[in-house]
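Input: one structure, supplied below.
For ligands, and for the atoms within them, numbers begin at 1 and follow the listed sequence. None of the values given here were measured: they were computed from a predicted structure. Index from 1, following the sequence.
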Amino acid sequence: MHCGLCLPTCPTYDATHLERNSPRGRIALMRAIADGRLEATEAFADEMYFCLGCLACMTACPAGVNYAELFEHARAEAEQSGALDSPKRNAIRGFTLRWLFMDLSRLHLLGRILRLWQELGLQAALRRSGLLKLLPRRLRELEAMTPVVQAHFTSDLVAAITPAVGVRKHRVAMLIGCAQDLMFSDINRDTVDVLARNGCEVHTPPEQNCCGSLHAHNGEWELAQQLARKQIDQFPPEHFDAIITNAAGCGSHLKHYAKLLEGDAAYEARAHEWDRKVKDIHEWLAQTGIASPAPSAVAKPEQVVTYHESCHLCHGQKISTQPRQMLRAIPGIRLVELPEASWCCGSAGVYNLTQPEMAGELLTRKLKHIRTTHCDVVATGNPGCLLQIMNGARDEGLPLRVAHPVTLLAEAYRGENDE
Ligand code: SF4
Ligand code: SF4
């Protein structure tokens, strides 16, 4: 089918109106390579990296084309061809994908060094000194995007096992993520608190692995398989009622380990069970029921909240109503719909680092819509989106709070005893 119904939903096609920048155009390119009519050239590889991987086209497609799978294979093909190889690119990929994210103790070490740099005021001093002006524009932009590393990582905030509040109804595992653990460990603590308050015994071992989504989305299929096996070994799905994630980008990948490990005799059957047990936090609470927070005795001003849908939650996992359900359950929140709520904000994994211009255009568009809601808080369920919108709001001087829905729910539970 070449119906083109996906075209109006594709942010890159919307920006350029070029067929090759559309899902249909990209699929035609992939098919030409699969049929041997085209070589995997640099132009092909560039096109695959210009695609956001936002999966809006999958939601729109009436024929059920699995673009997510095609996209991952196409990026792997692009990497195998070596069309984009250069010493600098290979070094960056080697350092990040093959070293840093394969063992999170390395990422933690880097995080602690960065934290010290920020805590001692060296980053602020460097920014004030004007020396950054000597750097090329691209490096200056990257420096401005450096996230603030949390003083405490998840293992400092959360016990390895947190008992349920009251009667235990479920035993769940909670994945703390990689970047999420460094930048948003508070969201992990909030998630554990909310799960416990909703009758879950929560297992959060301090040493965890990356889920491998970064690797799968960047053409490193074998590394993604290695990480998937490690996850299944660490969290045997038969031991838990659910394996919870609060990062949409991870969840979208974590639910497809069976495909990733297809043909692996030792893991394939367990991977199927794993896929069934992985739940996004909004999905899990909507399924099991959210305990209503009691209104705080202390009168608080109403908060106007709008909700930005992370692509990998709404398109990748078809989770759209559940986060709104969670927000509506919180006393004192008025939910205002965001125009184009499910249009990508430009974060898209590391897209804002690799394709800054397109990512910037998407962020500007998102902020324009956010302004029309006159909200106090933007809620969104993915660390990449949180960071992207936080950075955009800061740069434009918007007095906005950007928060995960689970944080707002955790705060409501904590406020129950306010007097
Ligand atoms: S994943 Fe997003 S950017 Fe890529 S083709 Fe589909 S809609 Fe377009
Ligand atoms: S991917 Fe789906 S929506 Fe897009 S052209 Fe093909 S059949 Fe139509």
Requested in this report: State, without any angle test, whether Asp280 and Gln317 hold a side-chain donor-acceptor pair at a distance under 3.5 Å.
Outcome: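 No pair is found: no donor N or O on one side chain lies under 3.5 Å from an acceptor on the other.
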Query raised in the report: So does Glu222 have more than 12 non-hydrogen atoms from other groups sitting under 6.0 Å from CD?
Result: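 Atom CD in Glu222 is not crowded, with 12 or fewer foreign heavy atoms closer than 6.0 Å.
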Query raised in the report: So with a 6.0 Å cut-off around CD of Gln234, is the heavy-atom count from everything else above 12?
Result: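 Yes, CD of Gln234 has more than 12 neighbouring heavy atoms, counting only those of other groups under 6.0 Å.
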Requested in this report: Indicate the ring-plane relationship of Phe71 and His217, choosing parallel, tilted or perpendicular according to the 30° and 60° boundaries.
Outcome: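 Geometry flag for His217 against Phe71: tilted rings.
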Query raised in the report: Any non-hydrogen atom of Ala60 lying under 4.0 Å from ligand 2?
Result: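 Per 4.0 Å heavy-atom rule, Ala60 does not contact ligand 2.
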Requested in this report: Considering the heavy atoms of Gly4, write down every atom of ligand 2 situated less than 4.0 Å from one of them.
Outcome: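 Under 4.0 Å from Gly4, ligand 2 has these atoms: 5 (S), 8 (Fe).
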Report task. For Thr12 and Arg26, test the side chains for any donor-to-acceptor distance below 3.5 angstrom and give the result as yes or no. Result ->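 Indeed, the side chains of Thr12 and Arg26 share at least one donor-acceptor pair under 3.5 Å.
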Query raised in the report: Has the side chain of Glu309 got a donor or acceptor atom that lies under 3.5 Å from a matching backbone atom of Cys314?
Result: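 No, the answer is negative, given that no donor and acceptor are paired below the 3.5 Å cut-off.
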**Report entry** Any donor-acceptor N or O pair under 3.5 Å, side chains His108, Asp181
**Finding:**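 Side chains of His108 and Asp181: pair found under 3.5 Å.
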**Report entry** Flag if over 12 foreign heavy atoms under 6.0 Å of CD, Gln287
**Finding:**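 It does: Gln287 CD has more than 12 such atoms within range.
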Report task. Determine whether the side chain, the backbone, both or neither of Leu7 has a heavy atom under 4.0 Å from any heavy atom of ligand 2. Result ->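 For Leu7, no heavy atom sits under 4.0 Å from ligand 2.
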Query - Whether Pro62 lies under 4.0 Å from ligand 2, heavy atom - result: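 Yes, Pro62 has heavy atoms under 4.0 Å from ligand 2.
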**Report entry** For Cys61, the ligand 2 atoms whose distance to one of its heavy atoms is below 4.0 Å
**Finding:**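 Taking each heavy atom of Cys61 in turn, ligand 2 has 1 (S), 2 (Fe), 3 (S), 7 (S) under 4.0 Å.
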Report task. Provide the protein N, O or S atoms situated under 2.8 Å from atom 4 (Fe) of ligand 1; waters are not included. Result ->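 Listed by chain and number, the atoms are Cys51 SG.
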**Report entry** ligand 2 atoms in contact with Ile27 (distance to a heavy atom under 4.0 Å)
**Finding:**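 Per the distance check, 1 (S).
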Query raised in the report: What's the spacing between His308 NE2 and Asn382 CG if we round to 0.5 Å?
Result: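 Answer rounded to 0.5 Å: 8.0 Å.
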